[in-house]
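Working notes, structure below.
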Amino acid sequence: MKLLFERSRPGRGMDLLPPCDVPAVSFDAALLRDSAPRLPEIAEVDLGRHYTELAKQTHGVNDGFYPLGSCTMKYNPRVDEETASLPGFTQIHPLQPLDTVQGCLEVLWKSEQLLTEITGMDAVTYQPAAGAHGEYTGLLLIRCYHQSRGDTARTKIIVPDSAHGTNPASATMAGFKVVSVPSNEMGGVDLDALRAAVGPDTAGLMLTNPNTVGLFDPNILEITQIIHDAGGLCYYDGANLNAIMGHVRPGDMGFDCVHVNLHKTFATPHGGGGPGSGPVGCKDFLAPFLPSPRVKKAGDSYEFFDPEQSMGKVRSFYGNFLVVVKALTYILSLGKEGIPAASAGAVLNANYLMKKLAGHYDMSFNTLCMHEFVMTLEKLAHDTGVTAMDVAKRLLDFGMHPPTMYFPLIVHEALMVEPTETESPETLDEAAEVFLKILEEAKSDPESLHHAPHDCAIGRPDEVTAARNPILRYDFGA
Ligand SMILES: *Cc1c(COP(=O)(O)O)cnc(C)c1O
């Protein structure tokens, strides 16, 4: 399809700017660019068509089933978008006088109260822009804590081998050395290996529970105790909160700090690289180190304050504020009953679909799952040559987004399925039928599956080249 630059014609466009109603300011010539930027000139209708065409070439939650494991691609209610587009939230400046943005501060404060309740923490920062950024911030909290006590020998973070790739990456970014501990045969943490791994150099542990194979680790209290006994702190990767919210709290499992992906669990659309938010919650003893500023209530009004031993800033201003508005709307609209009902629905849907596929596809663990389950197509690949990638690509022909592929790394030929709570039994039944049909095809015509998808705008892009050598600039010269 044509790019905006290719659709551009000199002089075309839309005049949306009102006449200037403030005195004109002239800048020093040294500050001005030599020539005007070469922006596309295009009529509004053509611009609209361009983006509609782009949207048609991809698959979103509004197009169909999107069981992308680990990502919680649930439906985001429209009401959350509506509140986030109110002018009182969108038409403000981050440096506006506080008495003119009291409502916005109240949003941050109220959201903090609700998130601390849901996670079992005492304080929250909204600065981190995503989950991985939250992990980094949480690890800095752990580092600040040990440093404040003069405990400089604690340089290692323990991470289970099933962890999301961001965990070891964030730990490394935060200046720690990563120690990997193996999983046991149930996909949980191997307690003996954990005991052997801790010591006076242990700064902490990073763990998600339910873990990346969709199982709740029944030893969680013992795990966090082992770390605490060794003098370390426990960080909870809250990306899987959609499985447990309203039922169990990371704070009650023994964790000291946690991040939450508002763009997974709390109603912000994602997958297209839009703004996310990874607020970090912590227990009281870590709160003095949180990024500044934070919001507090003083009488009837709200104000900012800097925590005493703040790590500084991890991002400009107050984080992705409108994402917080959506999360607050979502939590308030679901309410105290709706939040646990949502996670119960997510777990029920995952078990329903898993049960329909078990016996046909091999499950990596034959037990009840939480909000997602992992299949291993190792035997299918061995018997027919059809891989997890082939099955994933074929699903696209049926209007389904593929599950997450080849993750977690501890499962071979993995497909990780997360239906989420917003899917109906009919959708899940249809999805199961498609999975079983593809299994038939794998046995009768494996060759054709290697070339799937057959009906999509793009089939099998060279992902490595796309990631390593992305074309991000328009070449006017060509
Ligand atoms: C998504 C995810 C993350 C990272 O979150 P981002 O918002 O993508 O940075 C971390 N851990 C787990 C388990 C996840 O699923």
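Read the numbers this way: they start at 1 and go in the same order the structure lists the ligands and their atoms.
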Let me check something: any side-chain donor-acceptor pairs from residues 274-291 under 3.5 Å, sequence neighbours excluded? List them with distances.
residue : atom : partner : partner atom : Å
Lys283  : NZ   : Gly120  : O            : 3.3
Lys283  : NZ   : Gly251  : O            : 3.4

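With respect to Glu222 and Arg195, a salt bridge is recorded, a charged nitrogen being found less than 4.0 Å from a carboxylate O.
A donor-acceptor distance shorter than 3.5 angstrom exists from the side chain of Lys313 to the backbone of Ser292, with no hydrogens or angles considered. Thr265 contributes no side-chain N or O that, together with a main-chain N or O of Leu262, makes up a donor-acceptor pair within less than 3.5 Å.
Annotation: ligand 1 has protein neighbours Ser70, Ala130, Gly131, Ala132, Glu135, His164, Thr166, Asp237, Ala239, Asn261, His263, Lys264, each with a heavy atom less than 4.0 angstrom from the ligand.
A distance of 7.0 Å separates OG1 of Thr376 from CD of Glu413, quoted to the nearest 0.5 Å.
Across Glu421, His371, Glu418, a single residue satisfies side-chain hydrogen bond (donor to acceptor under 3.5 Å, both in side chains) together with Asn242, and that is Glu421.
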